[in-house]
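Keep in mind that this is a model prediction, so the values were computed, not measured. Residue numbering restarts at 1 for every chain, and letters A, B, ... go by the order of the sequence lines.
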Amino acid sequence: MLDWLKSVVDFISTPSISLTLILLMFPFVFPPTAWFETWHRRLGLHNLWTNRGGLVMFSVITLIFVWGFTDVNFSKILGKPDNVPIMILIYSVFFFLWLAMKSAYENDAHIAAGEPVQEYYPPEDKVLVWPDLVYIELIALILMMVFLLVWSIGLPAPLEEPANPSLSPNPAKAPWYFLGLQEMLVYFDPWLAGVVFPSLIIVGLMAIPYLDSDRKGSGYYSFAGRRTAVFVFLFGWLVLWVFLIVVGTFFRGPNWNFFGPFEEWSVTKVVPLININLSEYVWVKLLRVGLPANPLVRESVGIIMLVLYFGLTPVMLARGKLRPLLDKLGSIRYSLIIFLALAMVLLPIKMYLRWTLNLHYIISIPEAFFNI
Amino acid sequence: MAEKKPKSRLTAISESPVWKSIFRTGIPVTRRQRMMGILNNVFLHLHPVRLPKHAVKLKYTWCMGGLSFFLFLVLTISGILLMFYYRPTVEYAYTDIMDLSEQVPLGIMRELHRWGAHAMVIAVWLHMFRVFMTGSYKPPREFNWVVGVLLMFLTLFLSFTGYLLPWDQLAIWAITVGSNMARATPFLGHEGPGASLLAIGDINLVTMSSDVRFALLGGRFVGEGALLRFYVLHCIGLPFIIMIFMAVHFWRVRKDGGISGPV
Ligand code: HEM
């Protein structure tokens, strides 16, 4: 039943397809500039953040899950006790995204009309913490406890076979909250995916308050006044973190191969590995001279490209569209922002290079474990 | 003589010397009593006495920070109970967990602890999202955002160290996948770029038995040493650190002018 639809969903779920769709949609859903904003309104996407929009999103997610549970293969993944948190993650991310954007759009309308935002009350209008806050806290706490108790009584914590260091399961997955990093391992070596990028995530998050110099928009939900900042944050969190977790949980099977949600996890699925380094493309395929012996000469093209990527892009952008940003932030903050943004975008870039050109490494110096 | 209305049982209790010795104030009915009730209680005193109206609205904070903290408390209590039954050795760890579900009547502590941990990770992310969307990281709250990022990192690391303790296939292989990345740390991992530069003459300083992965695992692979280290980090080390940062976090929420709001 509905087999053709299942294969459509399987096809759309392929990371190259699904990520492309998401990347195309993202700026229209969370418009970072006035131009996208116009199209956002024209396409009616602002209706997502209304009660009706929320209901539609909720129904679509629920429908997918319900449908998934009727399928032999999908239900195996959905039904795993340790995947329940992912379903809760999906629901709560969508719900709170909707709630935050709805409040933000309401406030944007207030601001546009010259009215105070909904969080505004006259300064003398205060309430006592007892009872106004302690009761809310008590109720929130009780509801959370009930939720946990129901979950705990209903779903026993799984325990697999005893640890066996000589028998590795296939696939061996990291805990779900690190699956974004494990997904990066497909495209980058462990020193980048497991060490450098996580460090950059932490440093980048910590740097946010010092990089965003805009003092407006503190203490109330809003979007219009800080659209670019919100866009960047949501891109990192929703696409490069939550989406990759979902891919890692639902779509990665044996040998870390991709499997559509309705596909059977077969150990024998063979995916040809024909990845080629940039140096081979240049020296062997293009120039037909063979790889130079000196690794620095061999990798010079990749090195130059990366230096240009991180060194020249900020300069070009500062000459062009981002001049106002440079003037506003000063060169240090500007360079940091662009560096972090470029590092963030390096992941999708590498993904597309892999999918289109089968590019393995941009720079490959295995002698020094230095592969990018 | 006017007849005096009999006091209710509750009022009588709240005026008894024992009650007064504990809570000082009676049932908080009057405005003064309500204010003193918050001020006199060490736990409630985390809060200010009065707040602007928007700050107590569920729609504003989603109570997510509070729920993260509450989940931390649930995890602490259920974790302490689990420690009564669990021995962190390769010999006993797995069977102790088995016994927990087979021998302990009405035992749901393991479930509460495991699902609660997942819930806390999600709650912390959502709290961060709320703080971002309300722009609450902006001055004067920059530093508290930094503390928050550390809290999130510590939460994830707490979860990660706990993952190993059941000592089943899922546990050791998830930790193997995770800790293998440490092997590639630049300079400090034996398969990391630059590690070979740290050498004295021909002798490499960063080897399989001296790199960061070895320090984390207490061995070359996920074994006895790793189990003990993760246990100590999970039950003592990380909770100790996260509690310090939480104290700073809560203190700073107050000192930075209370919950953010429109001016
Ligand atoms: C273990 C994790 C955490 C706990 C227990 C915690 C707890 C809290 C609590 C109870 C509040 C009061 C307001 C509220 O409930 O929203 C708060 C506020 C705040 N938190 Fe956290 N938090 C945690 C993690 C984080 C993270 C990951 C961030 C950001 C990266 C963060 C940044 C902030 C900031 C900036 C405020 C002030 C917000 C305002 O004034 O509106 N916290 N936190």
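- For chain A, the nearby part of B:Ile172 is the side chain; its heavy atoms alone come within less than 4.5 Å.
- B:Arg183 does not touch chain A: none of its heavy atoms, backbone or side chain, sits under 4.5 Å away.
- For B:Leu44, the part lying under 4.5 angstrom from a heavy atom of chain A is the side chain only.
- For the set A:Val93, A:Asn371, A:Ile202, A:Val117, the count of heavy-atom pairs under 4.5 angstrom toward chain B peaks at A:Ile202.
- For A:Val195, the part lying near chain B is the side chain, with the backbone staying farther off; criterion is any non-hydrogen pair under 4.5 Å.
- The contact between B:Ser159 and chain A is made by backbone and side chain atoms together, counting heavy-atom distances below 4.5 Å.
- In this structure, chain A has a heavy atom under 4.5 Å from the side chain of B:Tyr163, while its backbone stays farther away.
- Contacts between B:Phe153 and chain A at a heavy-atom distance below 4.5 Å involve the side chain alone, from C-beta outward.
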>> One pair to check against side-chain contact (heavy atoms from CB on, under 4.5 Å): A:Leu179 and A:Leu244. What are the steps and the verdict?
In response: CA-CA 7 Å; A:Leu179 282 183; A:Leu244 292 186; over 6 Å; no
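- Although no hydrogens or angles enter the test, the distance criterion places no donor-acceptor pair under 3.5 Å between the side chain of A:Gln182 and the main chain of B:Gly178.
- For B:Asp211 and B:Arg213, the salt-bridge test fails: no basic side-chain N is under 4.0 Å from an acidic carboxylate O.
- In this structure, the portions of B:Val56 lying under 4.5 Å from any heavy atom of chain A include both its backbone and its side chain.
- Contacts of B:Arg34 with chain A are made by both backbone and side-chain atoms, with heavy-atom separations under 4.5 Å.
- In this structure, chain B has no heavy atom under 4.5 Å from any part of A:Pro123.
- In terms of non-hydrogen atom pairs under 4.5 Å with chain B, the most contact-rich of A:Leu141, A:Ile136, A:Leu89 is A:Leu141.
- One N or O on the side chain of A:Tyr177 and one on the backbone of B:Phe160 form a donor-acceptor pair closer than 3.5 Å.
- At a 4.5 Å heavy-atom cutoff, the contact between A:Phe178 and chain B is made by side-chain atoms alone.
- The part of B:Leu71 that comes within reach of chain A is its side chain, from C-beta onward, which places non-hydrogen atoms under 4.5 angstrom from that chain.
- Within the 4.5 angstrom heavy-atom criterion, only side-chain atoms of B:His47, from C-beta onward, approach chain A.
- Classified by interplanar angle (parallel below 30°, tilted 30° to 60°, perpendicular above 60°), the ring pair A:Trp49/A:Tyr105 is perpendicular.
- The pair B:Lys53-A:Asp132 does not meet the salt-bridge criterion, since no charged nitrogen lies less than 4.0 angstrom from a carboxylate oxygen.
- Looking at A:Leu97, both its backbone and its side chain come within 4.5 Å of chain B, counting heavy atoms on both sides.
- Residues of residues 60-70 of chain B lying under 4.5 angstrom from chain A, judged on non-hydrogen atoms, are B:Tyr60, B:Trp62, B:Cys63, B:Met64, B:Leu67, B:Phe70 in numerical order.
- Using modelled atom types, no side-chain atom of A:Lys173 and backbone atom of B:Ala174 make a donor-acceptor pair closer than 3.5 Å.
- Aromatic pair A:Trp151/A:Phe147: centroids less than 6.0 angstrom apart.
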Check: residues 142-149 of chain B side-chain donor-acceptor pairs under 3.5 Å, at least two apart:
residue, atom, partner, partner atom, Å
B:Asn144, OD1, B:His249, ND1, 3.0
B:Asn144, ND2, B:His249, O, 3.2
B:Trp145, NE1, A:Leu205, O, 2.6

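- Between the side chain of B:Ser78 and the backbone N or O of B:Leu112 there is no donor-acceptor pair closer than 3.5 Å.
- Proximity to chain A (any heavy atom under 4.5 Å) is restricted, for B:Val74, to the side chain, taken from C-beta onward.
- The residue among A:Ala174, A:Pro116, A:Ala104, A:Pro162 with the most heavy atom pairs within less than 4.5 Å of chain B is A:Pro162.
- To the nearest 0.5 Å, the span separating CG on B:Asn40 from CD on B:Gln33 amounts to 11.0 Å.
- Proximity to chain B is absent for every atom of A:Leu211, based on heavy atoms less than 4.5 angstrom apart.
- Aromatic ring orientation, A:Trp98 versus A:Phe95: tilted (interplanar angle from 30° to 60°).
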> A:Tyr220 and A:Gln118: side-chain contact (heavy atoms from CB on, under 4.5 Å), yes or no, with the steps?
Replying inline: CA-CA 8 Å; A:Tyr220 54 93; A:Gln118 54 184 314; over 6 Å; no
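- Chosen from B:Gly189, B:Gly116, B:Pro139, the residue pairing most often with chain A at heavy-atom distances under 4.5 Å is B:Pro139.
- Proximity to chain B is limited to the side chain of A:Trp237, based on heavy atoms less than 4.5 angstrom apart.
- In terms of heavy-atom pairs under 4.5 Å with chain A, the best-connected choice from B:Tyr94, B:Trp173, B:Trp115, B:Phe221 is B:Trp115.
- Between A:Asn255 and A:Pro171, every side-chain heavy-atom pair lies at or beyond the 4.5 Å cut-off.
- A donor-acceptor pair under 3.5 Å is formed between the side chain of A:Asn83 and the backbone N or O of A:Ile77.
- Both the backbone and the side chain of A:Asp214 come within contact range of chain B, each with at least one heavy atom under 4.5 Å from a heavy atom of that chain.
- At distances below 3.5 Å, not a single donor-acceptor pair connects side-chain atoms of B:His45 with backbone N or O atoms of B:Ile38.
- Side-chain atoms of A:Asp212 and B:Tyr137 include a donor-acceptor pair closer than 3.5 Å.
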